[in-house]
Amino acid sequence: QLQLVESGGGLVQPGGSLRLSCAASGFILDRYAIGWFRQAPGKEREGVSCISSSGGNTNYKDSVKGRFTISRDNAKNTVYLQMNSLKPENTAIYYCAAFRTNVQGLCVISRGRYDYWGQGTQVTVSS
């Protein structure tokens, strides 16, 4: 059974950092593009970042460019999202998601493309 499990969320002060992890089980992650999404209370789920199956291509929402970094370790079947200089408006539940692709460089931040989703991890940025 394909499963994605996020971890690493928590409470952090503005300007702080967190590293989220997305661990996959039941499938070989290096055949899947991975995305990170977030949903704040009362708002729609939005794309934050994505990484291609090979790891060679990444993309970011404009508001997180330069602060967030997505990476993957296919040997560990895990994708990471390093979040620095966090702001209160980054508070949300963060989800990772996956879709299988034969195109190694494909990376999209479009919710509809993704087939598999984790349960999410809460990130709260507050003083």
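Not measured: the values here are computed from a predicted model.
Using a 4.5 Å cut-off on side-chain heavy atoms (C-beta onward), W36 and E6 make contact. Taking 4.5 Å as the limit, every side-chain heavy atom of F27 sits out of range of all side-chain heavy atoms of Y116. Proximity of Q13 to S126: side-chain heavy atoms (C-beta onward) are nowhere separated by under 4.5 Å. R72 places a side-chain heavy atom less than 4.5 Å from the side chain of I34. Residues R38 and E46 are in side-chain contact: their nearest non-hydrogen atoms beyond the backbone lie under 4.5 Å apart. At least one side-chain heavy atom of T121 sits under 4.5 Å from a side-chain heavy atom of L20. You'll find the side chain of N84 stays beyond 4.5 Å of the side chain of F68, heavy atoms only. In this structure, M83 and V123 have side chains that are in contact, with non-hydrogen atoms separated by less than 4.5 Å.
A 6.0 Å sphere centred on NZ of K65 holds more than 12 heavy atoms belonging to other residues, nucleotides or ligands. Crowding of Q119 atom CD: a count of heavy atoms from other residues, nucleotides or ligands under 6.0 Å not exceeding 12.
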Go through it in stages, so that I can follow the logic: the residues are V79 and L29, the test is side-chain contact (heavy atoms from CB on, under 4.5 Å), and I'd like the CA-CA distance, side-chain angles, deciding distance and then a yes or no.
CA-CA 9 Å; V79 173; L29 197 60; 3.7 Å; yes
Mind running side-chain contact (heavy atoms from CB on, under 4.5 Å) on L2 and Y32 for me, showing each step along the way?
CA-CA 12 Å; L2 280 67; Y32 291 75; 3.9 Å; yes
Stepwise, does the side-chain contact (heavy atoms from CB on, under 4.5 Å) test hold for R111 with W117?
CA-CA 10 Å; R111 190 173 61 183; W117 292 81; 3.6 Å; yes
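Remark: side-chain polar atoms of Y60 are paired, donor with acceptor, to backbone N or O of I70 under 3.5 angstrom. No side-chain donor-acceptor contact under 3.5 Å links T78 to the backbone of D73. Within the 3.5 Å criterion, the main-chain N or O of N59 finds a donor-acceptor partner in the side chain of S49. Listed for the S54 side chain is no donor-acceptor partner under 3.5 Å among the backbone atoms of G105.
Each of L11, V12, L18 was scored for a side-chain contact (heavy atoms from CB on, under 4.5 Å) with V125, with one residue passing: V12.
A cation-pi contact links R45 to Y95, judged by a cut-off of 6.0 Å to the six-membered ring centre and 45° from its axis.
Pairing each heavy atom of F37 with each of G47, the nearest pair is CD2-CA, 3.3 Å. Minimum interatomic distance between A92 and A40 (heavy atoms only, all atoms of both residues): CB-N, 3.8 Å.
Atom CZ in R31 sits 11.5 Å away from atom CD in Q104 (nearest 0.5 Å). The distance from the OG atom of S71 to the CD atom of Q82 is 8.0 Å, given to the nearest 0.5 Å. Of the inter-residue distances, the one linking S63 atom OG with E89 atom CD reads 8.0 Å to the nearest 0.5 angstrom. Rounding to the nearest 0.5 angstrom, the gap separating the CG atom in L106 from the OG atom in S52 is 8.0 Å. The NZ atom of K61 sits 8.5 Å away from the CD1 atom of I109 when rounded to the nearest 0.5 Å.
Residues forming a ring pair (Phe, Tyr, Trp, His ring centres under 6.0 Å) with Y94 (at least two apart in sequence, or on another chain): none.
Looking only at atom types and distance, the side chain of N90 has a donor-acceptor partner in the side chain of R67 under 3.5 Å away. Judged purely by distance below 3.5 Å, without hydrogens or angles, the side chains of S53 and D30 never pair a donor atom with an acceptor atom.
Clustering ILVMFWY residues whenever any of their side-chain heavy atoms sit less than 4.5 angstrom apart, transitively, puts V108 in a cluster other than the one holding I51.
The aromatic rings of Y114 and F99 lie perpendicular to each other, with more than 60° between the two planes, well past the 30° mark.
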